[in-house]
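Below you'll find the structure, written out as structure tokens, and then a few comments.
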Amino acid sequence: MPTHHTPVHLAAAQAVAASAGVAAEDLKVEAPPRPELGDLAVGCFTIAKAAKKSPAQVATEIAAAFQPTELLASATAAGPFVNFRLDRTQTFKWLIDSALRGQLVPGAVGTGKTICIDYSSPNISKHLAYHHIRGTTIGHALVQIFRALGYKVVGINFLGDWGTTHGMLLAAYNIWGAEEPLDITKLNHLYVKFRDGMKTNPDLEQQGRLYFKKLEDGDPEVRALWQRFRDISWAEFEEVYKLLGIEFDEVRGESAYEPDMPGVFKELEHLITESEGARVVELEGEKNPILLKTKDGTTLYATRDVAAAKYRWNTFHPTRSLYVVDRGQALHFRQLFKLLLKAGHSWASVCEHVPYGLIRLGGKKTATRLGGVMLMRDVFKVAEAEVREVIARVNPTLAPEIVDQVAPQIGIGAVVFANLATQREKDIDFDLEKAVSLDGDSGPYIQYSHARCASIARKAGEKVTSIEGIDFTKLGHDAEWELAKKLLELPEIVVRAADNSEPHGVAHYLLQLAGEFSRWYTAGNGDPTLRVLVDDVPTRRARLALVAAVQATFATGLGLLGIAAPDQM
RNA sequence: GCGCCCAUAGCUCAGUUGGAUCAGAGCGUCCGGCUUCUACCCGGAUGGUCGCAGGUUCGAGUCCUGCUGGGCGCACCA
């Protein structure tokens, strides 16, 4: 049952509901496929079924009974649909007022609800590599989206800072040492060297396990060294997150749950069995059990995940607890949630794995320029360099200090957008050249549209910030109206993105909005009377108000995706 | 072998949860317009039996079954 997020959608639903005797909430209001048909449409299928009439007949009756309201100008039946035409002046007024006050996104749908979002969650002692970008950007976008809708959001970085892997690194350091000053690159090299060594020397693996055991048993020296590795790693991560504008509400790594391990085992005691020396729980419908403890007696990922899930539930009582983690871990999460349920935690149903697909590096140029190692910050750097080249070519008069400010915003924005523009579950081919291009579907294209709005306001010498004194009857020709109808879609788009934990709809929407804006804007090329900055002051101010509303919407939308919206570029 | 996911135009992808031209957008290619309110903009043309075969339904790109092709995952890593 849809809820209606704008007064016009609600009005259309109510108009049908009133004469059909159903609840407005049960009616879906959508845009007709062609503008000639009308502005909003309500299908009469369910009403017809209940009334045992044909949908077309019901639509005809409802349209005939329709009386115009403040927002709805007319209603016509077309087949099974009732199509409404809106009062353009009233619609413009509502839209522009809402956009200028930053209220086009319905900010109350999440009131009183909490969402936990686990995202990014890299392993320490390794760089944030390029493949981390999807989880990181999708998670961050979801945080922004839920927050804009009024949810209380807890963004969690569940650092991979515990486990046998880290025992291996500790062992490697103790065997080979490393040059000071120690940094994340050196740590990673140590780890790689250790993994390589394990292939020929099986004794190393035992060393690694031993060190993790020492760590878990609280050996002070091992513990101090581990802490140092973690600090070095976090400092590195923070720099990258800063580039992306990301701040986590909680940085609680797996190590934070180490004290909870005995409790977890106690709680699950009656479910645990032994299998090949390991402690496991058998699950219905699963070929393999879920492993909670190795034959060495050390804990595993799943064990710590149980503790983390409990912590999140007990601390936040979330409506939904999302795990933005790559699709390869689907089995793990399915088993984890089954285990929680089996343990009697009915709240396991709020836990959701939000899987995303792989990222592949298409575009040979990208691959060669970055060499074999694909660090996230390197990709950003290359993107920024690419952007600087473009700016130097097409906008050479832009002040150097502005270039310095916007080049990283555009370069990073381009990469982020390219990662958010497709459905998250699909694998994507990342092509840097394409991402950075202003041609076609790209982040910079949207940023550019935003900058153009800002530019018009600059040229006008006036930025409209409220609807006071605006004569909305001056708006309404078709290109303007198409733009307005696109603005009208935003609320539903954002709500759906949240419901489906799927940010790509917002990205796609912004491309459409940019298209509508460009069409409107360039209509003024051929016909000067259609330009924003015309001589007639009331018309000019009304159009400036629309520009301001569109600009605000671009800024809002880009913000939802975690992308900057520069005023010049 | 078992499980999960994917398959739409030459390429990259949308398709509002089963509805009216739903067969779309961008890129590419071809033609035309614009040099402005800053540009890489705008319009048109080209282009697909929605992987294949069945089924459910008044209605299927969308749901079900099978098949083909691809990706990922299947115990002491996370």
Side-chain angles (χ1 to χ4, degrees), chain A residues 2 28 30-34 37 41 43 45 54-56 59 78-81 83 121-123 158 160 162-166 168 208-209 254 275-280 285-296 298 300-302 304-305 325-332 334 355 357-358 360 362 390-391 393-395 397-398 418 421-423 425-429 431 434 437-442 444-445 448 451-453 455-460 489 492-493 496 499-500 504-505 507-509 511-512 515 518-519 521-526 528 530-534 543 547 568-569:
Chain A
K28 190 160 119 188
E30 53 201 327
R34 286 171 295 152
L37 290 167
F45 305 98
S54 81
F81 288 88
N83 292 326
S121 305
N123 290 332
F158 188 49
W162 208 246
T164 307
T165 312
H166 302 98
M168 290 176 183
R209 292 184 182 287
E254 294 182 45
S275 173
E276 296 171 35
R279 312 287 285 169
V280 307
E286 296 294 334
K287 197 169 100 182
N288 294 317
I290 187 167
L291 268 77
L292 296 176
K293 211 177 232 185
T294 68
K295 59 190 170 201
D296 310 322
T298 55
L300 286 162
Y301 183 41
R304 282 161 250 141
D305 250 330
V325 181
D326 77 88
R327 206 179 46 207
Q329 292 191 45
L331 174 64
H332 164 74
R334 198 176 70 211
L358 301 172
R360 273 191 295 262
V390 176
I391 293 177
R393 196 169 65 239
V394 304
N395 195 5
T397 60
L398 195 60
T422 45
Q423 295 175 40
E425 280 209 69
K426 291 197 177 177
D427 292 345
I428 61 171
D429 274 302
D431 181 339
K434 210 165 159 184
S437 166
L438 272 198
D439 256 338
D441 297 347
S442 74
Y445 175 53
Y448 175 64
R452 235 172 170 190
C453 291
S455 169
I456 296 172
R458 270 198 304 276
K459 181 132 187 174
E489 292 178 21
E492 177 68 25
I493 293 283
R496 216 170 56 226
D499 287 347
N500 301 333
H504 98 289
H508 195 249
Y509 168 82
L511 290 172
Q512 292 180 352
S518 282
R519 264 182 286 282
Y521 176 91
T522 49
N525 289 351
L530 296 180
R531 294 186 187 178
V532 175
L533 302 180
V534 289
R543 288 179 182 167
V547 169
Q568 300 181 61
M569 60 189 277

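Keep in mind that this is a model prediction, so the values were computed, not measured. We name chains A, B, ... by the order of the sequence lines, and we start the count at 1 in each one.
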For [X], which contact category applies under a 4.0 Å heavy-atom criterion: base, sugar-phosphate, or nothing?
{"X": "Glu286(A)", "result": "nothing"}
{"X": "Arg531(A)", "result": "base"}
{"X": "Gly79(A)", "result": "nothing"}

What integer distance in Å separates Ile428(A):CD1 from rC6(B):P? 16 Å
Could you tell me which nucleotide pairs with [N] by Watson-Crick or G-U wobble geometry, both distances under 3.5 Å, or answer none if nothing does?
{"N": "rG3(B)", "value": "rC72(B)"}
{"N": "rU65(B)", "value": "rA53(B)"}
{"N": "rC41(B)", "value": "rG33(B)"}
{"N": "rU46(B)", "value": "rG28(B)"}

To the side chain of Leu300(A), which of rA20(B), rC76(B), rU38(B) is closest? rC76(B)
Nucleotide nearest Leu291(A) (side chain, heavy atoms from C-beta), chosen from rC76(B), rC37(B), rC41(B): rC76(B)
Per nearest nucleotide of RNA chain B, the residue lying toward the 5' end, Arg496(A) or Glu425(A), is Glu425(A)
Comparing Ala523(A) with Thr294(A), nearest RNA chain B nucleotide closer to 5' gives the residue Ala523(A)
Using a 90° cut-off around 0 for syn, call rU16(B) syn or anti. anti
